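Each remark here refers to the structure printed beneath this line.
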Amino acid sequence: MHANPLLAFSSAPDALPQFHEVRPEHVSLAIDALLHDCRTTVNQLEQLQAPVQWDNFIAPLEFCTEKLSRAWGVVGHLNAVADTPELRAAYNANLPKVTEFWTGLAQNLALFNHYKTLHESAGFQQLSAARQKIITNALRDFRLGGAELPDSDKPRFAELQERQAALAQKFSENVLDATNDWALLLDQESRLSGLPEDVKQAARDKAQADGQRGWKFTLHFPSYFPILQYADDRSLREQVYYANATKASEFGKPEWDNSALIVDLLRLRQEEARLLGYRNFAEVSLVPKMAQSAAEVIQFLNDLARRAKPYAERDLNELKAFAKNELGLDNLQPWDLAYASEKLRQQRYAFSDQELKQYFPEPKVLEGLFRVIQTLFSVQVLPDTGPVWHSDVRFFRIEKKGELLGQFYIDLYARGGKRSGAWMDDARARRKLNNGATQTPVAYLTCNFSPPVGNKPALFTHDEVLTLFHEFGHGLHHMLTRVDDLAVAGIHGVEWDAVELPSQFMENFCWEWEVLSHMTAHVDTGAALPRELYDKMIAAKNFQAGLQTMRQLEFSLFDMLLHCQYDPHGSQTVQQLLDQVREQVAVIQPPPYHRFQNSFSHIFAGGYAAGYYSYKWAEVLSADAYSLFEEQGVLNQAAGAKFLNEILAVGGSRPALASFTAFRGRQPKLDALMRHNGMTEPVEA
């Protein structure tokens, strides 16, 4: 029998995952072996009699748990990007075992006491700031993990963790299955009026690949959204809008309906919070974050809503007037919004997303992205070789003066069996090894863009370019760390509401002429983005920024109120709470059948529960951080070096606010965010 590729990757510090060798049958064998090793180590550490020190306690614990994390990380990654029934079954069979282990570890009183002993010892002060932070974080996490619960409550707490993990996975599967299941085959080209040629070609290719004639559309974003944005056929827009708005709800297949799952998850979270002595789950969620309380977050969101709402109302009134006068749409419906907005933008700024897209072929965009990174941070990005999970995936390395700093995979296109959205995850993190060598970090960067059509490279919308820069910001945080201790290296140990700072910071460069002039080449002529088109794009930058801001605030408030005020055992439904939030902040009311919450994976399957506000919170930090580059020069190397040294390099080794203040020389301010969103001029009544 061949060696298990998951075990091979987990045990060699400099190994890369052998994706092409991983089979579903490898999963249980590897996870069971690693869990056995971890339990053996934990049992030995529980009995530790000698004075507790970093080297005889934390180092061996970290060594064995990292091996488990690495192997399970590969399984989780493949489950997200290359889902098959066999792999899903293997993942689900092992998820309870892995969850049970981590829950048991977090409740282990003997280990908790060792950490306390180490924290109170004379040797604690001799440890580096990073190691002190790791120990302090661990004590906090033990408390949140139920270590201080009476023994009678621990089994129930463990059960809550396991059940939540299973429900979150099921939520995610339901969204994926409902998304993959829906398809629309059109056989009349007249119904495609208004759609760009490349969108039609992609739909034709999809139909042909399935042995069908005509044009096939799906609920993957690059397929359905152009219909909402460009299709002249209003009934087609409504049909696609309805399908997307009702996925994983009671309007589809019962086995994929997430409605009851949501309430179950909320009940489990509430029970977990109460067991830990907190009033609600929001309080638990905020313990390791920058924000101090739910009240502080709600006040922050309401303050932003108060400032942004007049701009959103102005945006909507302008759109309604335009739709009525220019498009003959007296009664603007939600499925008309993207269509009317695109037409208004084209009229006002004389360009379309489609026109702009021709200037963003994938090779040129990547070259431009790498140029920004190389200039700002004095590193080199080079192609690399390594096993991949799909032929679309590419692999790169980041070096400085010939020294390897990190490596990353880029998986850019939407396809069946791959979860929607965009994310960064880590295959392995940086740490110093016993032999003095450094284990370098490896990142996954995953997006869901339109694949190439015909013999042309993939063309990205400007929004997709922003997404790519965003995810790469997370990747830089992970790969450019200089912290040698795994638990606070890179993105590890960073407060959740600050972890979006580097990602949102990177988005700013996508609006700069100095960057775009080197990052664009027309797919047919090779000409760079014309200055005239760039000027229109900048003029349109804050087009409907008020509406977009209010939409994000609606999601953020809904999430926070769901976890701090909503009673999942009461008579109010989740939908009624969402309606209440919309009444307060939304300027656009969706139709009664809209079930946004049923695919809100961020908070029900993605770790953002009572944390979705983090995007806006971190946007304040990122806009304010970027203002230094506006003052000193977009690609100013001194500012880049400072951002690297004070934010990226230090990872989670100190509080995020301390890192921000070290970089900016002061506390963060809201002003730059309002300015970036064009919300500083008074709105005329």
Side-chain angles (χ1 to χ4, degrees), residues 54 58 62 66 124-141 288-291 373 376-379 398-400 403-406 408 424-426 428-433 438-443 470-506 508 614 617-629 632 636-668:
W54 183 276
I58 295 180
E62 187 182 80
E66 194 221 0
F124 180 76
Q125 297 305 329
Q126 269 67 63
L127 293 173
S128 66
R131 290 187 170 184
Q132 289 185 21
K133 182 90 166 27
I134 287 170
I135 293 166
T136 308
N137 286 356
L139 292 173
R140 174 199 72 200
D141 294 342
K289 294 185 171 77
M290 283 177 77
I373 290 151
L376 283 180
F377 307 125
S378 304
V379 296
I398 301 183
E399 291 183 358
K400 183 158 192 164
E403 180 197 351
L404 177 66
L405 300 181
F408 60 94
M424 172 263 159
D425 208 346
D426 66 306
R428 68 176 197 230
R430 178 183 165 106
R431 67 179 174 125
K432 187 72 80 179
L433 303 168
T438 300
Q439 172 178 298
T440 52
V442 179
H470 178 104
E471 298 309 332
F472 214 89
H474 286 309
L476 291 171
H477 205 181
H478 180 63
M479 292 183 283
L480 297 186
T481 188
R482 294 195 199 113
V483 178
D484 289 331
D485 292 300
L486 187 119
V488 289
I491 54 173
H492 295 274
V494 177
E495 295 97 318
W496 197 269
D497 42 8
V499 85
E500 297 294 336
L501 162 56
S503 52
Q504 292 177 331
F505 165 82
M506 284 298 295
N508 291 290
S614 303
W617 187 276
E619 210 178 322
V620 172
L621 303 175
S622 64
D624 202 359
Y626 190 71
S627 65
L628 184 70
F629 290 79
Q632 297 189 357
N636 182 290
Q637 288 185 311
K642 196 173 185 190
F643 190 80
L644 171 62
N645 294 336
E646 300 296 358
I647 293 185
L648 299 177
V650 297
S653 66
R654 68 180 176 196
L657 187 58
S659 293
F660 178 89
T661 311
F663 171 68
R664 207 62 188 88
R666 56 167 172 74
Q667 297 273 313

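Values below: every heavy atom of this structure, side chains too, minus hydrogens, waters and symmetry copies. Note that this is a predicted model, so its numbers are computed, not measured.
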- Is a donor on one side and an acceptor on the other found under 3.5 Å between the side chain of T481 and the backbone of A649? yes
- Are any non-hydrogen side-chain atoms of L648 and P502 less than 4.5 angstrom apart? yes
- Task: Can you sort out the partners of W496 under ring-ring contact (aromatic ring centres under 6.0 Å, His included), two or more places apart, ordered by chain and number?
- Result: Y608
- Query: When you check the side-chain N and O atoms of S627 and R664, is any donor under 3.5 Å from an acceptor?
  - Reply: yes
- For V488 and R131, run side chain to side chain contact (heavy atoms under 4.5 Å, CB included): C-alpha distance rounded to whole Å, both residues' side-chain angles, the deciding distance at 0.1 Å, then the answer. CA-CA 8 Å; V488 289; R131 290 187 170 184; over 6 Å; no
- Answer whether the closest heavy-atom distance between the side chains of W617 and L501 falls below 4.5 Å. no
- Task: Using the side chain to side chain contact (heavy atoms under 4.5 Å, CB included) rule, take D485 and K432 through it: C-alpha gap first, then chi angles, then the decisive distance, then the call.
- Result: CA-CA 7 Å; D485 292 300; K432 187 72 80 179; over 6 Å; no
- M424 and G475 have their tightest heavy-atom pair at CG-N, 3.9 Å
- Query: Can any side-chain N or O of N508 pair as donor or acceptor with the backbone N or O of F505 at less than 3.5 Å?
  - Reply: yes
- Message: Quick check against the 3.5 Å criterion: does Q132 have a side-chain atom that pairs as donor or acceptor with the backbone of L127?
- Response: yes
- Message: If you compare all heavy atoms of K642 against all heavy atoms of A662, which two are closest, and at what distance to 0.1 Å?
- Response: CE-O, 3.7 Å
- Message: Less than 4.0 angstrom from a charged side-chain N to a carboxylate O is my criterion; do D497 and K289 meet it?
- Response: no
- Task: Measure centre to centre between the rings of H470 and H474, then say whether the value is under 6.0 Å.
- Result: yes
- Task: State, yes or no, whether a side-chain contact exists between E495 and P655 at a heavy-atom distance under 4.5 Å.
- Result: yes
- Message: Within this structure, what is the CG-CD1 distance for the pair L486 and I134, rounded to the nearest 0.5 Å?
- Response: 8.0 Å
- Query: With sequence neighbours excluded, what pairs up with R430 under the salt bridge (charged side-chain N to carboxylate O under 4.0 Å, His left out) test?
  - Reply: D484
- Exam field: side chain N636 to backbone Q632, donor-acceptor pair closer than 3.5 Å: yes
- Query: Would F408 and V442 count as a side chain to side chain contact (heavy atoms under 4.5 Å, CB included) if you check the C-alpha gap in whole Å, the side-chain angles of each, and the deciding distance to 0.1 Å?
  - Reply: CA-CA 5 Å; F408 60 94; V442 179; over 6 Å; no
- Message: We want to know whether T438 and R431 form a side-chain donor-acceptor pair, criterion being a heavy-atom distance below 3.5 angstrom.
- Response: no
- Message: side chain to side chain donor-acceptor pair (under 3.5 Å) for S622 and E619? Distances and angles first, verdict last.
- Response: CA-CA 5 Å; S622 64; E619 210 178 322; over 6 Å; no
- Query: With side chains defined as the heavy atoms from C-beta onward, is the minimum distance between P288 and R140 less than 4.5 Å?
  - Reply: yes
- Just how far is it from atom CG of L404 to atom CE of M479, taken to the nearest 0.5 Å? 10.5 Å
- Query: Shortest non-hydrogen contact from V483 to V650?
  - Reply: CG2-O, 3.3 Å
- Message: How close do A625 and F660 get, counting heavy atoms only, and between which atoms?
- Response: N-CE1, 4.0 Å
- Query: To the nearest 0.5 Å, what is the distance between OG (S653) and NE2 (H492)?
  - Reply: 13.0 Å
- Task: Identify the two heavy atoms, one from E62 and one from A487, that lie closest to each other, and give their separation to 0.1 Å.
- Result: OE2-N, 4.0 Å
- Derivation of the side chain to side chain contact (heavy atoms under 4.5 Å, CB included) call for L405 and V379: CA-CA 9 Å; L405 300 181; V379 296; 3.8 Å; yes
- Could you check if a side-chain atom of L621 sits within less than 4.5 angstrom of a side-chain atom of M290, using non-hydrogen atoms only? yes
- Note on the structure: Residues passing the ring-ring contact (aromatic ring centres under 6.0 Å, His included) test with F663, sequence neighbours excluded, are F643
- Item | Nearest non-hydrogen partners of Q637 and S378, listed with the distance | NE2-OG, 4.3 Å
- d(E403 CD, I398 CD1) to nearest 0.5 Å is 12.5 Å
- Salt bridge present between R428 and E66 (N-O < 4.0 angstrom): no
- Does A429 offer a backbone N or O that forms a donor-acceptor pair with the side chain of Q439 under 3.5 Å? yes
